[in-house]
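Below is one structure, written out as structure tokens, with a few remarks after it.
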Protein chains: 2
Amino acid sequence: MTPAAQLTAVMKTLADPTRRAVFERIAAEGEVAATGLVRGSKVSQPAISQHLRALRDAGLVTERREGRHIRYRVAPGGLAPLVDWLGHYERFWRERFENLEKLLKESD
Amino acid sequence: MTPAAQLTAVMKTLADPTRRAVFERIAAEGEVAATGLVRGSKVSQPAISQHLRALRDAGLVTERREGRHIRYRVAPGGLAPLVDWLGHYERFWRERFENLEKLLKESD
DNA sequence: CAATCATATAAGTATTTACTTATATATCGG
DNA sequence: CCGATATATAAGTAAATACTTATATGATTG
């Protein structure tokens, strides 16, 4: 897959609010099984399963079977296409990013 | 519009390769009229016009009428929702970002 | 004003998408 | 092996999307 196609996949995958919420919960919890994600979600188990597949296909999460459960984690380089792309447009957000950096540091 | 909805709009808008290419050309050229974008594009003039509207609605570009032409620029804060969101997942790409930073500095 | 150039809108369409319910597969405990 | 639990797949569907052609609007020039 070409880098542009990778970026498209990542963006398309995260553009859906339901699926992005799944990603955010995985990130927040570190590692979580599909069951955990189904609970506290508005959509059905198959819907979650489909979203997880999409996230995996986009390289955004990894899975690890543990008994009956499959535990999901954020994939290390998954956001890289997005970060790299934004890097090219640094001049449009550099200032904002520096403010953000400061904020993050202050909240430590 | 809620911040999450803004982010969704930005992601959805940039997820389409054709539309993202339009954004990238505007960014590259600094300021460019719709005509210029139609030339060198695979799609029709109405398609470009629709993409420009989407980009404007997402807050990603601004327009400025100049005679018959409408010139487009990248909007200053347009990428902010994306940058801010990525900020929350800093730990997943911080290392990569530092490499990128170094690369960008070296290419100066 | 008439002709022309730049852009937008209308209307239609094929494709994609995000969901649903129903069912299949896989793993475990007794 | 059986029943229960965890996840995936199948099939169908309503809505969204990215395009097209045709036409309208807006601005400039002769």
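A note on names: the letters A, B, ... follow the listed sequences, proteins ahead of strands, and every chain is numbered from 1.
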Could you check whether any side-chain heavy atom of [X] comes within less than 4.5 Å of a side-chain heavy atom of [Y], counting everything from C-beta outward?
X: B:Glu63; Y: B:Leu52; answer: no
X: B:Arg73; Y: B:Glu31; answer: yes
X: A:Thr8; Y: B:Arg20; answer: yes
X: B:Thr13; Y: B:Asp57; answer: no

Length of the line joining [X]:[atom1] and [N]:[atom2], which is rounded to integer Å:
X: A:Glu63; N: C:dA26; atom1: CD; atom2: C1'; result: 14 Å
X: A:Arg53; N: C:dT17; atom1: CZ; atom2: P; result: 13 Å
X: A:His69; N: C:dC28; atom1: NE2; atom2: P; result: 10 Å
X: A:Leu37; N: D:dT5; atom1: CG; atom2: C1'; result: 16 Å
X: A:Ile70; N: C:dT25; atom1: CD1; atom2: P; result: 16 Å
X: A:Tyr72; N: D:dA6; atom1: OH; atom2: C1'; result: 11 Å

**Report entry** Short side-chain to backbone donor-acceptor contact, B:Arg65 and B:Gly67, under 3.5 Å
**Finding:**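 Checking the backbone N and O of B:Gly67 against the side chain of B:Arg65, a donor-acceptor pair under 3.5 Å is found.
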Sort me out a list of protein N/O and nucleotides 17-21 of chain D N/O pairs below 3.5 Å, or just none if empty.
{"unit_1": "D:dA18", "atom_1": "OP2", "unit_2": "B:Arg19", "atom_2": "NH1", "d": "3.3"}
{"unit_1": "D:dA18", "atom_1": "OP2", "unit_2": "B:Arg19", "atom_2": "NH2", "d": "3.2"}
{"unit_1": "D:dC19", "atom_1": "OP1", "unit_2": "B:Thr18", "atom_2": "OG1", "d": "3.0"}
{"unit_1": "D:dC19", "atom_1": "OP2", "unit_2": "B:His51", "atom_2": "NE2", "d": "2.2"}
{"unit_1": "D:dT20", "atom_1": "OP2", "unit_2": "B:Ser44", "atom_2": "N", "d": "3.0"}
{"unit_1": "D:dT20", "atom_1": "OP2", "unit_2": "B:Ser44", "atom_2": "OG", "d": "2.6"}
{"unit_1": "D:dT20", "atom_1": "O4", "unit_2": "B:Gln50", "atom_2": "NE2", "d": "3.1"}

Requested in this report: Spell out protein contact along nucleotides 24-30 of chain D as letters: B when the base is contacted, S when just the sugar-phosphate is, - when no protein heavy atom is under 4.0 Å; keep the 5' to 3' order.
Outcome: ---SBS-
Report task. Show your reasoning for whether side chain to side chain contact (heavy atoms under 4.5 Å, CB included) applies to B:Phe23 and B:Leu79. Result -> CA-CA 11 Å; B:Phe23 177 84; B:Leu79 292 172; 4.2 Å; yes
Query raised in the report: How far apart are the C-alpha atoms of B:Leu7 and B:Leu82, what are their side-chain angles, what is the distance that settles it, and do they pass the side chain to side chain contact (heavy atoms under 4.5 Å, CB included) test?
Result: CA-CA 6 Å; B:Leu7 174 61; B:Leu82 208 48; 3.9 Å; yes
**Report entry** Polar contact flag, side-chain donor to acceptor under 3.5 angstrom, B:Gln6-B:Trp85
**Finding:**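 Not at all, the side chains of B:Gln6 and B:Trp85 share no donor-acceptor pair under 3.5 Å.
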